[in-house]
Amino acid sequence: MSRYDPSVSERDWQSAWEAADCFKALGPDCGKPKYYVLEMFPYPSGRIHMGHVRNYAMGDVIARFKKAQGFNVLHPMGWDAFGMPAENAAIEKGTHPATWTYANIDAMRAQLKSLGLSFDWSREFATCDPSYYRHEQAMFLDFLEAGLVDRRESIVNWDPVDQTVLANEQVIDGKGWRSSAAVEQRALTQWFLKISDFSDDLLGALDGLTRWPEKVRLMQANWIGRSEGLACRFELAEAVGGFSDIEIYTTRPDTLYGASFCALSPDHPLTLELAARDAALADFRAKCAARGTSESDIEGGEKLGYDTGLFVRHPLDPDWLLPVYVANFVLMGYGTGAIFACPAHDQRDLDFARKYDLPVRPVVRPADADASFDIAELAYTGDGNLFNSGDFDGLSPKAAQAQIIARFVEAGRGARQVNFRLRDWGVSRQRYWGCPIPIIHCPHCGAVPVPRAQLPVTLPEDVRFDRPGNPLDHHPDWKHTSCPECGGDALRETDTFDTFVDSSWYYARFTGLAPDAPTDRAATDYWMSVDQYIGGIEHAILHLLYARFYARAMHRTGHLGTDEPFAGLFTQGMVCHETYRDAAGNWLLPEQVERREDGAFLKDDPTQRVEIGGIEKMSKSKKNVVDPDDIIAAYGADTARWFMLSDSPPERDVQWTQEGVDGAWRFVQRVWRLISTQADALDGVNAQDFQADKLTAQTGDLYRTIHRSIHDVTQDLETLGFNRAVARIYNLANELSGFTPTDDTERAVLKSGLCVLVQLFAPMMPHLAESCWRLLGHEGLVAETHWPQADAAALVEDSVTLPVQINGKRRAEITVPKSADQATIEQLARAEPQVEKFLDGKPIKKCVVVPGRIVNFVV
RNA sequence: GCCCUCGUGGCGGAAUUGGUAGACGCGACGGAUUCAAAAUCCGUUUCUUUCAACGGAGUGUCGGUUCGAGUCCGACCGAGGGCACCA
């Protein structure tokens with residue numbers, strides 16, 4: 001008997017599916033219910049990696065499973081093709097971003113095809129195709145008209161040597177990654193999409209996303225960050241410049257009597273005013289600006305302050321003066337850019353107060369604390385009662401908040417305010433390889449939209465990357481144009497969109513490639529929302545929130561009929577691998593390493609010991625990568641897919657191991673052997689030719705196992721428990737291997753079992769399934785068969801085995817009829833010799849009988 | 001720093017969601033087949049009590065709720081993800 005050779009059969013079956021148009025989505029009038037399954041489309045970096053294999057294998061299982069269940073499935077694929085790596089390649093290798101990107105797409109498409117994924121390739125597009133981004137530009141103009149776009153200043157990381165804006169990841173220890181120049185913060189006028197208009201809706205609608213992971217919803221809710229608090233003014237003891245007071249926002253008005261100081265953001269207007277006359281403060285501002293713009297830089301760094309020498313009056317006690325600092329942890333973008341600080345009940349404030357020796361006055365203490373309650377290293381943020389707080393002593397923080405706000409409102413000196421942490425989305429990028437923002441800047445008319453007839457605004461091809469700055473900006477003529485309104489000389493916007501814009505609406509474009517509009521409304525109405533979206537947890541906040549906003553904005557502008565793009569979301573874990581280093585500390589590829597019992601050694605020189613490092617996410621920088629192409633060449637796509645789906649739960653990280661691949665490969669061969677050894681004997685046997693209720697005990701057991709397997713695997717796939725489905729398929733294969741039929745009835749049962757086995761693993765190992773299906777005498781494709789139905793009668797057990805516990809310890813088990821009532825079960829349990837022995841005549845205090853579950857005696 | 005998640009045998013993990021902990025796979029060990037090896041097949045495999053048991057312990061640590069806790073609650077320890085210009 002021959003081994004199964006995937007290298008031949010996989011290519012053949014891929015051609016067969018293509019020839020049969022198996023995976024082309026049908027139109028809305030096909031009479032089937034629809035199912036839209038989408039995996040996050042990849043950035044065309046050049047080669048697929050194991051993370052892609054895992055992601056797309058999962059999506060493919062769902063797509064094939066749903067198709068078999070009778071759904072009209074849409075399962076498209078495309079390319080998130082704009083982004084920085086293409087520009088980096090242009091700078092480093094001199095390749096044009098478009099050339100580099102499209103070559104990568106061709107390579108990766110071929111790799112994806114070799115995995116046998118059931119994509120409808122007729123809908124493929126790349127976001128860098130003008131036929132895609134022209135619609136993105138048109139929609140931006142629609143958003144502009146609908147009031148969803150804003151233009152204002154915001155702060156960016158600026159590299160003074162490379163004359164470019166840096167991404168947070170390009171800032172390393174405050175220096176530009178390429179130039180090593182100290183990074184500055186600079187204010188640029190940029191375009192914003194007004195996502196904050198939807199704060200309440202984006203937050204409230206999370207409750208309806210019941211098929212999203214709880215943790216993603218929680219992360220989004222925290223990100224949106226709704227808070228209720230008090231906005232009020234602290235009057236300056238002496239007016240400065242045009243300022244007579246400072247407006248602050250606080251969520252803890254109950255701690256007002258614990259106020260120690262006020263703090264302004266380095267970018268607060270009053271700070272700017274003061275810095276104009278105070279060189280030391282201007283220096284301090286420059287020091288703050290030298291830090292990164294990311295939240296972890298700001299929150300994680302040392303808390304620094306500058307004493308302005310100003311004082312404000314406490315709003316509840318005009319005689320009480322508080323000093324005013326400028327503090328680097330106060331963000332201009334949140335609230336009013338100014339705070340009052342209560343160090344006793346806020347850790348950041350406490351750190352700051354200790355550093356600058358400011359008073360710490362506790363005003364809330366736990367209910368069980370006495371008068372000696374004090375604050376040392378840790379701020380107290382828990383519940384309790386107020387003290388040191390005048391009229392409000394004894395109240396809970398919550399009650400005090402309400403009463404203090406009410407007092408401010410009555411006195412007309414403050415207001416209850418709802419704030420959101422969510423900021424508007426800055427979409428301007430000073431880069432070449434992105435979608436041009438369709439705006440023309442005219443010295444007379446201002447920012448004017450590009451007329452729709454002139455769309456798309458395409459990127460010029462003749463660009464150079466040999467000098468610093470944005471190639472669009474120093475292109476000789478591209479930006480020079482005339483104003484659509486007055487006809488005078490004007491300049492094109494040279495910024496391009498954030499690539500998150502491209503990926504915020506691609507799901508809608510996949511439903512129908514309308515030539516003259518972003519979406520085909522009949523198609524979106526039929527296909528949207530995406531029934532199952534799958535991708536990495538790293539996108540839990542930004543991409544998913546932007547896409548949710550975009551759907552709303554598209555709904556408002558008539559491009560979509562729904563608000564929520566993804567009805568079901570699944571976030572898969574990462575693919576990890578051991579890391580290796582040689583004696584000199586260089587990272588080594590797994591294929592360079594020979595693992596033995598006494599350690600790891602260099603393959604080319606087995607005297608050289610290799611140091612085994614931690615198990616980490618596969619990454620090029622640490623070389624702990626396994627190339628999917630190599631695995632497919634050696635074992636075939638099915639083995640790679642099966643291994644990716646086995647063992648680890650899909651939401652968790654998986655460790656790639658050679659042993660695991662070998663195990664998957666062995667199973668492929670075992671299934672092939674099982675079916676090919678039986679094929680001749682089962683030739684001509686009709687798998688339906690038996691009566692389920694007239695089987696012998698042993699054959700009946702097999703029949704029940706077959707149908708139990710159908711039921712369980714179906715449920716596992718419905719809940720995306722791929723690893724559980726794999727375990728059950730192993731189990732069924734084990735049972736079928738151990739069964740030797742002796743007559744035609746038994747042969748028919750076995751054949752039905754083998755057919756079921758093939759159908760159950762077909763979504764995961766589709767090529768092997770087709771080969772086996774043919775061997776079992778079928779003419780058509782498994783990919784076109786209907787999912788097997790479990791015989792409900794076979795799932796019912798007539799007797800059940802119950803554990804019997806005495807004082808919570810398992811001491812025996814009894815087998816009782818399924819229908820037995822509690823009293824009967826208790827009687828049977830008591831009669832069990834083991835139980836009698838442990839009861840030992842002791843009085844039974846209580847007997848818990850849970851039918852179908854357990855019996856527990858308490859003595 | 002803030003927010004979130006996860007900790008179960010030598011390893012990946014399962015456990016009908018509060019009801020027999022360790023399914024299934026990997027590895028290891030023993031055996032069969034073979035001149036030998038590869039491949040394959042059969043068996044054992046949480047730890048522990050000098051063997052064995054229907055003996056004891058056991059789901060990161062400590063405590064709690066319950067007839068019963070891997071599962072619920074509290075504190076702690078450890079690992080990972082996100083933090084707005086990476087995608």
Side-chain angles (χ1 to χ4, degrees), chain A residues 3 40 42-43 45 80 82-85 156-157 165-171 213-216 218-219 221-223 225 293-303 329 333 347-348 351 421-431 498-500 503 536-543 545-546 571 573-574 576 616-617 643 646-649 651-655 657 659-660 662-664 666-667 669-670 673 712 715 721 723-724 726-731 734 737 801-813 833-835 837-838 845-848 850 852-858:
Chain A
R3 277 187 146 199
M40 291 181 185
Y43 179 78
S45 56
D80 189 13
F82 276 134
M84 290 204 306
V156 295
N157 297 308
V165 174
L166 297 177
N168 283 333
E169 69 156 15
Q170 296 174 317
V171 179
E214 188 57 43
K215 73 167 166 178
V216 175
L218 198 65
M219 283 164 85
N222 287 332
W223 186 256
T293 56
S294 76
E295 190 174 301
S296 61
D297 288 342
I298 291 163
E299 297 277 328
E302 194 189 0
K303 314 250 172 321
F329 63 87
Q347 194 60 45
R348 286 180 310 186
D351 295 344
R421 212 181 74 95
L422 182 65
R423 307 199 300 253
D424 279 336
W425 174 16
V427 293
S428 297
R429 297 292 182 271
Q430 296 69 38
R431 307 187 194 287
D498 177 6
T499 57
F500 273 126
S503 55
I537 183 69
E538 65 274 20
H539 294 292
I541 297 176
L542 293 182
H543 162 61
L545 196 59
Y546 291 149
T571 54
M574 298 178 303
C576 300
E616 299 182 48
K617 177 182 176 174
F643 173 55
S646 319
D647 292 356
S648 290
E651 70 276 9
R652 236 188 273 179
D653 291 352
V654 64
Q655 190 195 344
T657 60
E659 291 76 18
D662 291 340
R666 268 201 298 275
F667 185 65
Q669 295 301 336
R670 221 180 99 204
R673 209 162 41 239
D712 290 348
Q715 204 157 55
N723 58 321
R724 293 194 303 267
V726 165
R728 299 195 206 279
I729 288 168
Y730 269 115
N731 196 62
N734 290 344
S737 306
T801 303
L802 296 181
V804 182
Q805 295 183 336
I806 288 147
N807 285 342
K809 291 227 172 270
R810 179 177 159 272
R811 296 299 183 185
E813 51 183 48
Q834 270 306 313
V835 176
K837 181 179 140 197
F838 276 92
K845 277 201 228 154
K846 191 170 174 186
C847 174
V848 182
V850 184
R853 288 265 187 261
I854 205 160
V855 182
N856 191 11
F857 292 103
V858 186

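Below, chain A is the first sequence line, B the second, and so on; all start at residue 1.
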Taking the same atom, P, in A39(B) and in G82(B), what whole-Å distance lies between them? 40 Å

If you apply the rule side chain to side chain contact (heavy atoms under 4.5 Å, CB included), what do you find for Tyr43(A) with Thr499(A), and how did you get there? CA-CA 10 Å; Tyr43(A) 179 78; Thr499(A) 57; over 6 Å; no

Measure from CG on Asp498(A) to C1' on C86(B) and round the result to the nearest Å. 10 Å

Say you pick atom P in G25(B) and the same atom in U44(B); how far apart are they, in whole Å? 13 Å

Is the phosphate of A84(B) approached by Arg421(A) (side-chain N or O, under 4.0 Å from OP1 or OP2)? no

Distance check, P atoms only: G64(B) and G10(B), in whole angstrom units. 27 Å

Using a 3.5 Å cut-off on both pairing distances, which stems of three or more Watson-Crick or G-U pairs include RNA chain B? B:1-7 with B:77-83, B:10-12 with B:24-26, B:27-32 with B:40-45, B:46-48 with B:55-57, B:60-64 with B:72-76

Heavy-atom nearest pair, Arg431(A) first then Val165(A), reads NH2-O, 3.4 Å

Using the C1' atom in both, what is the distance from U17(B) to C72(B), to the nearest Å? 11 Å

Nearest heavy-atom neighbours spanning Arg348(A) and Lys303(A): CG-CE, 3.5 Å

Might you point out which heavy atoms bring Asn723(A) and Ser646(A) nearest each other, and give the distance in Å? CB-C, 4.1 Å

Minimum side-chain heavy-atom gap Phe329(A)-Asp351(A) below 4.5 Å: no

Which listed nucleotide (G82(B), C85(B), G27(B)) is nearest to the side chain of Gln430(A)? C85(B)

List for me each residue that meets side-chain hydrogen bond (donor to acceptor under 3.5 Å, both in side chains) alongside Arg429(A), sequence neighbours excluded, and say none if there are none. Asp498(A)

Nearest listed nucleotide, side chain of Ile854(A), among A23(B), G19(B), C41(B): G19(B)

Evaluate the side chain to side chain contact (heavy atoms under 4.5 Å, CB included) criterion for residues Val858(A) and Asn807(A): first the C-alpha distance (whole Å), next the side-chain angles of each, then the deciding distance (0.1 Å), finally the verdict. CA-CA 5 Å; Val858(A) 186; Asn807(A) 285 342; 3.8 Å; yes

Syn or anti for G27(B), taking syn as within 90° of 0? anti

Quickly work out the Arg811(A) CZ to C54(B) C1' distance and round it to whole Å. 9 Å

Across nucleotides 43-49 of chain B, 5' to 3', mark each nucleotide with B, S or - according to how protein heavy atoms within less than 4.0 Å reach it. -------

Side-chain N or O of Arg853(A) versus OP1/OP2 of U17(B): is the shortest distance under 4.0 Å? yes

Asp662(A) has an atom CG; how far is it from atom P of C26(B), in whole Å? 10 Å

Using 0.5 Å steps for rounding, measure from the CG atom of Asp662(A) to the CZ atom of Phe667(A). 15.5 Å

Kindly point out which of A39(B), G19(B), U20(B) is positioned nearest to the side chain of Val850(A)? G19(B)

Of the options C85(B), C26(B), U20(B), whose atoms approach the side-chain atoms of Arg429(A) most closely? C85(B)

List the atom of Met40(A), the atom of Gly536(A), and the distance in Å for their closest heavy-atom pair. SD-N, 3.8 Å

Residue closer to the 5' end of RNA chain B, Trp425(A) versus Arg348(A) (nearest nucleotide): Arg348(A)

Say we look at G56(B) and G60(B): how far apart would their C1' atoms be, to the nearest angstrom? 22 Å

Between Asp712(A) and Asn731(A), is a side chain to side chain contact (heavy atoms under 4.5 Å, CB included) present by the stated rule, with each step listed? CA-CA 11 Å; Asp712(A) 290 348; Asn731(A) 196 62; over 6 Å; no

For the side chain of Leu542(A), starting at C-beta, report the closest nucleotide among G25(B), U40(B), A87(B). A87(B)

Of the listed nucleotides U20(B), A39(B), C67(B), the one nearest the side chain of Lys846(A): C67(B)

Using the C1' atom as the point on both nucleotides, what is the distance between G74(B) and A87(B), in whole Å? 40 Å

Think Arg666(A) has a side-chain N or O under 4.0 angstrom from the OP1 or OP2 of C26(B)? yes

Nucleotide of C85(B), A87(B), G19(B) approaching Val848(A) most closely (side-chain heavy atoms): G19(B)

Both His539(A) and Lys303(A) contact RNA chain B. Taking the nearest nucleotide for each, which residue is further toward the 5' end? Lys303(A)

Counting the atoms with a prime plus P, OP1 and OP2 as sugar-phosphate, which does Leu422(A) contact under 4.0 Å by heavy atoms, base, sugar-phosphate, or nothing? base

U20(B) P sits how many Å from Ile806(A) CD1, rounded? 16 Å

Hey, is the side chain of Arg673(A) poking within less than 4.0 Å of OP1 or OP2 on A39(B), counting only N and O atoms? no

List the residues meeting side-chain contact (heavy atoms from CB on, under 4.5 Å) with Ser648(A), not counting sequence neighbours, and say none if there are none. Arg54(A), Val654(A)

For Asn856(A), all residues meeting side-chain contact (heavy atoms from CB on, under 4.5 Å), sequence neighbours excluded: Gln805(A), Val848(A)

Letter per nucleotide, 5' to 3', of nucleotides 4-13 of chain B [B base touched, S only sugar-phosphate touched, - untouched; heavy atoms, 4.0 Å]: SS-S----BS

Determine the interatomic distance between P on C6(B) and the same-named atom on G18(B); round to the nearest Å. 15 Å

Which heavy atom of Trp223(A) sits nearest a heavy atom of Arg421(A), and at what distance? CE3-NH2, 2.7 Å

Report the C-alpha distance between Ser503(A) and His539(A) in whole Å, list the side-chain angles of each, state the deciding distance to 0.1 Å, and finish with yes or no for side chain to side chain contact (heavy atoms under 4.5 Å, CB included). CA-CA 11 Å; Ser503(A) 55; His539(A) 294 292; over 6 Å; no

Residue Tyr730(A), side-chain heavy atoms: nucleotide from C24(B), G27(B), A87(B) that is nearest: C24(B)

Arg670(A) CZ to U40(B) P, straight-line distance once rounded to whole Å: 10 Å

For nucleotides C41(B) and A52(B), find the distance between their C1' atoms and express it as a whole number of Å. 30 Å

Do any side-chain nitrogens or oxygens of Asn734(A) fall under 4.0 Å of OP1 or OP2 in G25(B)? yes

Tell me: CZ of Phe500(A) to C1' of C86(B), nearest whole Å? 8 Å

Rounded off to whole Å, could you give me the OH-to-P distance for the Tyr546(A) and C86(B) pair? 10 Å

Show the nearest heavy-atom pair for residues Ile854(A) and Leu802(A), with the distance to one decimal. N-CD2, 4.0 Å

Torsion-based syn/anti label for U17(B), 90° from 0 as limit: syn

Distance, rounded to the nearest Å, where Arg810(A) contributes CZ and A21(B) contributes P: 6 Å

Using a 4.0 Å heavy-atom cut-off across all strands, classify Gly83(A) as base, sugar-phosphate, or nothing. sugar-phosphate

